[in-house]
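Working notes, structure below.
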Amino acid sequence: MMLIVGSPVSPYVRKILAILHLKGLDYEIDPITPFYGNDEFSKLSPLRRIPVLVDGDLVVNDSTVIAEYLDEAYPGVPVLPKAARDRAQARWIEEYADSRLGDLCIWGLFFPKVVAPRVFERAPDEAAIAKVAEVDLPAALDWLEERAPTDGFLFGERISVADLAVACPLRNAAIAGWTPDATRWPKTTGWLDGIAAQPCYARTIAFEPAILATRPEGRRAALEAVGVKVAENSFGTDAPRASIMLR
């Protein structure tokens, strides 16, 4: 059985979990965040980022690399389109989502509003958050709106890694209190609603209370209660470290 190291609330972990669900692959999870990773986690993930996939004796880092590995090793339900042109476009949109949306939604909103106050007792910079919410993220959504599908998904009726990559960081923005306005971005919001309705993605939403509404010591049991297979051993620590990366 494959092991995924990383919290399900991370957009990069969520993307991989959705792909595993879509492909019908069994996995167990060690639901840590990088700032709770121990020294063994540093060996497993030298950049101290999540997710990490362990498949037998193979260790794969970075969500994009993991997604491509899963598509090549377990091709039954592909998440990359077949045509070379479409595959290139899917990879670019995934990169845009991972990099630009990730920076804005995670570091601009989710981390300062949700993580830093809880984990590091750090007050948010309200001016910086307002700039992200009112200027930077709307500009990114304007770019997406021009490219969003009017029906189905980016590459037809089958969901792809590019669709998931866009939806996942925006879910973190929603947790932090920011959601796109359907009157300004009608195509994008309709597209996101279609992604959210997919069972492979919807299942990841069900994992959120086990992380967000549960103290750290109870999260493993809470995940098991909603049907997640949790790894017996963990790469986590009891106290956070200063070194933090979520991707």
Point-to-point distance, once rounded to the nearest 0.5 Å, from [atom1] of [X] to [atom2] of [Y]:
X	Y	atom1	atom2	result
Arg48	Thr33	CZ	OG1	9.5 Å
Asp163	Leu192	CG	CG	9.5 Å
Ile93	Tyr96	CD1	OH	10.5 Å
Leu44	Asn38	CG	CG	9.5 Å
Ile66	Tyr69	CD1	OH	10.5 Å
Phe111	Leu109	CZ	CG	13.0 Å

Would you please test Phe155 and Gln89 for side-chain contact (heavy atoms from CB on, under 4.5 Å) and show each step? CA-CA 10 Å; Phe155 302 99; Gln89 188 67 8; 4.1 Å; yes
Could you report the tightest heavy-atom contact between [X] and [Y], atom names first, then the distance?
X	Y	answer
Gly6	Ile29	O-CD1, 3.3 Å
Ala148	Trp191	CB-CE3, 3.6 Å
Ala90	Ala162	O-CB, 3.7 Å
Arg220	Glu232	NH2-O, 3.5 Å
Pro124	Pro117	CD-CG, 4.5 Å
Leu104	Ala140	CD1-CB, 4.0 Å

Check: [Y] main-chain N/O paired with [X] side-chain donor or acceptor under 3.5 Å:
X	Y	value
Glu28	Lys229	no
Ser45	Pro51	no
Lys23	Tyr74	yes
Tyr12	Asp98	yes
Asn172	Val9	yes
Asp30	Ser234	no

So [Y] and [X], do their side chains get closer than 4.5 Å, heavy atoms only?
X	Y	answer
Trp143	Arg147	yes
Ile159	Leu164	yes
Ile16	Leu70	yes
Met2	Leu53	yes
Pro112	Asp125	no
Arg184	Pro138	yes
Glu145	Pro186	yes
Gln198	His21	no

Go through the steps for Asp55 and Val60 under the test side-chain contact (heavy atoms from CB on, under 4.5 Å), then give the verdict. CA-CA 8 Å; Asp55 190 4; Val60 187; over 6 Å; no
Does a side-chain N-to-carboxylate-O contact under 4.0 Å join [X] and [Y]?
X	Y	result
Glu94	Arg91	no
Lys131	Asp136	yes
Glu68	Arg87	no

Mind telling me whether Trp178 and Trp185 have parallel, tilted or perpendicular rings, with 30° and 60° as the class edges?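 Geometry flag for Trp178 against Trp185: tilted rings.
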Using the rule that Ile, Leu, Val, Met, Phe, Trp and Tyr join whenever any side-chain heavy atoms are under 4.5 Å apart, tell me whether Leu223 and Met1 fall into a single cluster. no
In this structure, would Leu58 and Leu25 fall into the same cluster of hydrophobic residues linked by side-chain contacts under 4.5 Å? yes
Val166 and Ile195: side-chain contact (heavy atoms from CB on, under 4.5 Å), yes or no, with the steps? CA-CA 10 Å; Val166 169; Ile195 296 169; 5.6 Å; no
Name the one of Leu3, Val5, Ile4 that satisfies side chain to side chain contact (heavy atoms under 4.5 Å, CB included) with Val52? Val5
Got more than 12 heavy atoms from elsewhere within 6.0 Å of CD, Glu157? no
Before you tell me yes or no, could you show the steps for Ser7 and Val13 under side-chain contact (heavy atoms from CB on, under 4.5 Å), namely the whole-Å CA-CA distance, both residues' side-chain angles and the distance that decides it to 0.1 Å? CA-CA 7 Å; Ser7 170; Val13 176; 5.7 Å; no
